[in-house]
Visitor: 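Structure below; questions to follow.
These numbers come from a predicted model, not from an experiment. Numbers restart at 1 for each chain; the letters A, B, ... are given by sequence-line order, proteins then strands.
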2 protein chains.
Amino acid sequence: MTVTGDWIDRLAEAKGTLARSSTAERVADVLRGHIMEGAMAPGARLSEEAIGAALGVSRNTLRESFRLLGHERLLVHEFHRGVFVARPGVEDVIDLYRVRRALELSALRGAERAPVEAVERVGAAVREGEEALRRSDWWGVGTANMHFHQAIAGLGGSPRIDEIMRQLLAELRLVFHVMAAPRDFHAPYLEHNRAIYELLRDGAPDAAADRLAEYLDVAERQLVDAFGRLDGSSAPGGEPE
Amino acid sequence: MTVTGDWIDRLAEAKGTLARSSTAERVADVLRGHIMEGAMAPGARLSEEAIGAALGVSRNTLRESFRLLGHERLLVHEFHRGVFVARPGVEDVIDLYRVRRALELSALRGAERAPVEAVERVGAAVREGEEALRRSDWWGVGTANMHFHQAIAGLGGSPRIDEIMRQLLAELRLVFHVMAAPRDFHAPYLEHNRAIYELLRDGAPDAAADRLAEYLDVAERQLVDAFGRLDGSSAPGGEPE
DNA sequence: TATTGAAGGATTGTTCAACAATTACCTCGA
DNA sequence: TCGAGGTAATTGTTGAACAATCCTTCAATA
């Protein structure tokens, strides 16, 4: 007899994690990790030959990885010059916050229709951050903060917005590396996160959005100021001339 | 004496178009054009050997082009199976409109601070569409409509939003190809465009945003209905099983 | 009849080696 | 100090080769 249970759908969901295999993508994963953890400084040049030899992949495959990361704006590719770790500047910070405002606020404002699981992902991120703070795990606090905003943007349930947001936050983590003292930058925002989550959970998404709007303004200004302080010494953004 | 006119900035702007030379990117441009004009039907497979021979580029270079277009969601890359022209489904239409709502409405709502040139780009797109309609140039009407929404999203002056929007609209044009009769789909929206532009120009951006919100709802429903009608015959979206 | 299993061919994934095009560096000379 | 020129190093692109995987076909079996 033909077995056609509905559990077959659950199998189909796992397909994505199964089919994920490609040397170029795995290499991109490795590089992405190194870049975001700061192992490669912003502005550093990535030699095809050196990295290809180090990772044991051919130049062609490595180039595919570079293209992937270039599209995520973690690497910039200059023709005939090579690929470099992106070095975001003040105008990038401003632009990143423009996009964040558009995506996060509109997701929050339309959150009456958000499913409970999506709201709970926000709560989980809040708790994740508080626990990391208790452990004085600053990197973990930053990661949790990213998860928080990812969850906010994910309230609308849009795969495309999720992906855009992932890229934005990865790029933003680069910004933190350019900054002087990113150590405890995130910590003060934890209580804001909790307040926003509770407003959201208690059915006041508009109030939550207003609160988040302030939040974003303050954070942006803080980053812009930090950039302004070190501007002139190394001209972090834009094309050098 | 050193000549330092301000025209040097205008030269710098042209740098982007000048430095743009890479076989992979040029190939991607060609393919993008063919896909968006419907020369290659959604779902069609792109053979590396055939296309490589036709365009006179090597497989490695062609693969780079495929990756570029894959990131724009015009092609989907299935491991060990090849690349296919994307075949958007209903859920893609819904998601595309989610992102459009977030980006276009928030750009419009914050348009008090938009520079005059940006607003005028919206007006130019409106007139472009009206002229195309007069010539019964349906493809031109569609293009002008894309320019209109691109200009709306561009009111905030964000390069990242501009790029996201470009991709979204390219993907949406693919959707129109999947539809049955895309011929005069855009025409009825021209007067909406004009109304929105005039509200915006006359300093009522919030009213313009409300109008655009309706607009998007109607257009989305129309597309979803069109998909529902042809659903079952060829199952345009998702993974085939 | 319908399903399974095993060749066989075709296509993609990846590597390697080579050469062309361009940039970076270094030296030389004024 | 500045510019010109030449050399070395790096990237851009190609072509061929082989491994891995998928699709098709066809026969075998229940």
Visitor: On DNA chain D, reading 5' to 3', which nucleotide is the first and which the last to sit with an atom under 4.0 Å from a heavy atom of chain B, could you check?
Guide: dT13(D) to dC23(D)
Visitor: Quick check: do Met165(A) and Arg100(A) have side-chain heavy atoms less than 4.5 Å from each other?
Guide: yes
Visitor: Quickly work out the Glu64(B) CD to dT14(C) C1' distance and round it to whole Å.
Guide: 14 Å
Visitor: Is the number of heavy atoms from other residues, nucleotides or ligands under 6.0 Å of Gln222(B) CD greater than 12?
Guide: yes
Visitor: Over how many whole Å does the gap from Glu48(A) atom CD to dA17(C) atom C1' extend?
Guide: 15 Å
Visitor: Report yes if the side chains of Val224(B) and Ile94(B) come closer than 4.5 Å at any heavy-atom pair, otherwise no.
Guide: yes
Visitor: On DNA chain C, nearest-nucleotide positions of Leu46(B) versus Gly56(A): which is more 5'?
Guide: Leu46(B)
Visitor: Please report, rounded to the nearest Å, how far the P atom of dT12(C) is from the CZ atom of Phe79(B).
Guide: 13 Å
Visitor: Please report the distance, rounded to the nearest Å, between CG in Leu62(B) and C1' in dG13(C).
Guide: 14 Å
Visitor: Taking the side chain as every heavy atom from C-beta outward, state whether Leu46(A) and Phe84(A) have any pair of such atoms under 4.5 Å apart.
Guide: no
Visitor: Kindly indicate whether the side chain of Leu68(B), heavy atoms from C-beta on, has any atom under 4.5 Å from the side chain of Val27(B).
Guide: no
Visitor: Does Arg81(A) put a side-chain nitrogen or oxygen below 4.0 Å from OP1 or OP2 of dT22(C)?
Guide: no
Visitor: Could you tell me whether the phosphate oxygens of dA10(C), OP1 or OP2, come under 4.0 Å of any side-chain nitrogen or oxygen in His80(B)?
Guide: no
Visitor: Whole Å only: how far is the CZ atom of Arg63(B) from the C1' atom of dG13(C)?
Guide: 5 Å
Visitor: For the pair made of CG in Asn60(B) and P in dC19(C), what is the distance, rounded to whole Å?
Guide: 18 Å
Visitor: Looking at every non-hydrogen atom in both residues, tell me the closest pair between Ala102(A) and Ser106(A) and how far apart they are.
Guide: O-OG, 3.1 Å
